[in-house]
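Structure first, commentary second.
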Amino acid sequence: ISYIFTKSIEQFIIDQKTDIISSLVAQQANRHINGSSVPAFHTWETPESRKKFQDFSDEILHSFSSIVAVQLHSTDGMLIWSSLQSEKIGTSPEAEEVAETLTTGKISRSSASAKTISELGVSTLVGMYVPILGENGDIVGVAETYVNTGDVAVFTRNIQAVLWVGASLA
């Protein structure tokens with residue numbers, strides 16, 4: 001029972017954290033990417049668009065300490081920006097979550113790939129795929145962020161230990 005209880009708490013905390021992060025992503029996308037007459041996701045290879053993506057990525061990575069990587073995808077799913085060194089810009093992702101987010105307009109989550117875990121050196125990663133909306137409310141791209149949930153895992157393990165000790169003393 002303690003395992004189920006702590007897993008429920010862990011999922012609740014991760015849900016709360018990802019809600020905050022998705023809101024941050026939307027706000028910073030409006031601030032850094034959407035506010036120009038030139039649509040950055042359509043002109044992603046230009047220096048002006050690359051600068052916007054860099055500013056967006058820097059802001060996200062410095063605003064929330066548990067975000068450890070940022071990637072951006074165009075509406076056809078192509079990877080157009082990444083803070084990960086191992087990713088090849090201009091390729092289509094292997095993850096189905098990008099297509100799902102583009103189709104549904106909803107945030108999706110997944111575990112990080114072994115390649116991403118290896119590059120970042122963090123095993124407790126959750127990938128979040130957040131739709132980026134244009135000024136008309138249409139989807140102009142997808143932000144893929146990797147969130148380190150290690151602090152949540154430690155917290156829930158501590159709760160579980162307290163429950164076990166309490167149960168053994170009762």
Side-chain angles (χ1 to χ4, degrees), residues 7-46 48-84 86-117 119-120 122 124-149 151-152:
K7 282 298 177 187
S8 296
I9 290 174
E10 180 177 1
Q11 190 57 52
F12 174 77
I13 294 170
I14 290 172
D15 288 346
Q16 296 305 307
K17 188 179 263 195
T18 56
D19 285 349
I20 292 167
I21 290 170
S22 65
S23 177
L24 173 69
V25 166
Q27 290 170 1
Q28 295 309 321
N30 284 333
R31 181 174 173 215
H32 292 285
I33 298 171
N34 292 337
S36 133
S37 59
V38 178
F41 281 91
H42 297 295
T43 59
W44 63 271
E45 294 181 275
T46 66
E48 180 184 83
S49 292
R50 312 278 312 144
K51 173 76 170 114
K52 288 179 182 187
F53 297 151
Q54 179 69 56
D55 292 346
F56 170 79
S57 179
D58 289 347
E59 185 81 25
I60 295 296
L61 291 169
H62 292 102
S63 295
F64 209 88
S65 63
S66 37
I67 299 176
V68 293
V70 176
Q71 299 189 113
L72 296 171
H73 301 272
S74 64
T75 53
D76 60 1
M78 185 183 304
L79 180 65
I80 59 173
W81 174 261
S82 181
S83 64
L84 296 170
S86 64
E87 296 294 338
K88 185 171 163 89
I89 303 300
T91 60
S92 293
E94 298 170 10
E96 296 173 7
E97 290 79 11
V98 172
E100 179 184 335
T101 301
L102 287 166
T103 302
T104 65
K106 296 183 181 191
I107 298 164
S108 60
R109 289 184 289 196
S110 72
S111 300
S113 69
K115 181 171 116 178
T116 302
I117 289 170
E119 180 174 339
L120 295 172
V122 179
T124 54
L125 293 175
V126 172
M128 277 185 49
Y129 302 82
V130 180
I132 296 178
L133 304 178
E135 293 177 354
N136 299 329
D138 53 328
I139 298 173
V140 296
V142 173
E144 177 180 355
T145 60
Y146 287 97
V147 181
N148 181 354
T149 60
D151 58 338
V152 176

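What you see is a predicted model; the values in this text were computed from it and never measured.
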**Study point:** Beyond-backbone contact of L133 with V140, side-chain heavy atoms, under 4.5 angstrom
**Key:** no
Review point. Is any side-chain heavy atom of M128 less than 4.5 Å from a side-chain heavy atom of E144?
Key: no
Review point. Does A99 offer a backbone N or O that forms a donor-acceptor pair with the side chain of T103 under 3.5 Å?
Key: yes
Check your understanding: Can you name the closest pair of heavy atoms from I117 and A112 and give their distance?
Key -> CD1-O, 3.7 Å
Review point. How many angstroms lie between atom NE2 of H73 and atom OG1 of T91, to the nearest 0.5 angstrom?
Key: 8.5 Å
Check your understanding: Is the backbone of M78 close enough, under 3.5 Å, to the side chain of D76 for a donor and an acceptor to pair up by distance?
Key -> yes
Exercise for review: Not counting sequence neighbours, which residues clear salt bridge (charged side-chain N to carboxylate O under 4.0 Å, His left out) with K106? List them please.
Suggested key: none
**Study point:** Student check: side-chain heavy atoms of T145 and V25 closer than 4.5 Å
**Key:** yes
Review point. Can you name the closest pair of heavy atoms from P131 and I107 and give their distance?
Key: CD-CG1, 4.0 Å
Check your understanding: Can you name the side-chain contact (heavy atoms from CB on, under 4.5 Å) partners of S63, sequence neighbours left out?
Key -> L24, E59
Exercise for review: Just do the side-chain contact (heavy atoms from CB on, under 4.5 Å) check on I20 and F64 with the steps written out, would you?
Suggested key: CA-CA 10 Å; I20 292 167; F64 209 88; 3.7 Å; yes
**Study point:** Shortest non-hydrogen separation from S110 to E97 and the atoms involved
**Key:** CB-OE2, 3.2 Å
Review point. Is the closest side-chain donor-acceptor distance between T101 and S108 under 3.5 Å?
Key: yes
Exercise for review: Could you give me the CA-CA distance, side-chain angles and deciding distance for V68 and V147, then say whether side-chain contact (heavy atoms from CB on, under 4.5 Å) is met?
Suggested key: CA-CA 6 Å; V68 293; V147 181; over 6 Å; no
Review point. Looking at residues at least two apart in the chain, or sitting in another chain, which of them share a side-chain contact (heavy atoms from CB on, under 4.5 Å) with S57?
Key: L61, V70, W81, S83
Review point. Going from CD1 on I80 to OG1 on T43, what distance comes out if it is rounded to the nearest 0.5 angstrom?
Key: 9.0 Å
Review point. With side chains defined as the heavy atoms from C-beta onward, is the minimum distance between I132 and L72 less than 4.5 Å?
Key: yes
Practice item. For F53, enumerate each residue passing the ring pair (Phe, Tyr, Trp, His ring centres under 6.0 Å) test, keeping only those at least two apart in sequence or located in another chain. Key: F41
Exercise for review: Taking side-chain contact (heavy atoms from CB on, under 4.5 Å) as the test, write out the residues that go with Q27, two or more places apart.
Suggested key: S23
Revision key, fill the gap. So NZ of K88 and CG of L79: to nearest 0.5 Å the spacing works out to 11.0 Å
Check your understanding: For the atom pair CD (E48) and OG1 (T46), what is the distance rounded to the nearest 0.5 Å?
Key -> 5.5 Å
Practice item. Indicate yes or no: at least one non-hydrogen side-chain atom of I89 is less than 4.5 angstrom from one of W44. Key: yes
Revision key, fill the gap. Across all chains, not counting sequence neighbours, the side-chain contact (heavy atoms from CB on, under 4.5 Å) partners of E119 are L84, Q85, S86
Exercise for review: For Q71 and S82, test the side chains for any donor-to-acceptor distance below 3.5 angstrom and give the result as yes or no.
Suggested key: yes
Check your understanding: Side chains of N148 and T124: is there a donor and an acceptor less than 3.5 Å apart?
Key -> yes
Review point. Do V126 and Y146 have side chains that get closer than 4.5 Å, going by heavy atoms?
Key: no
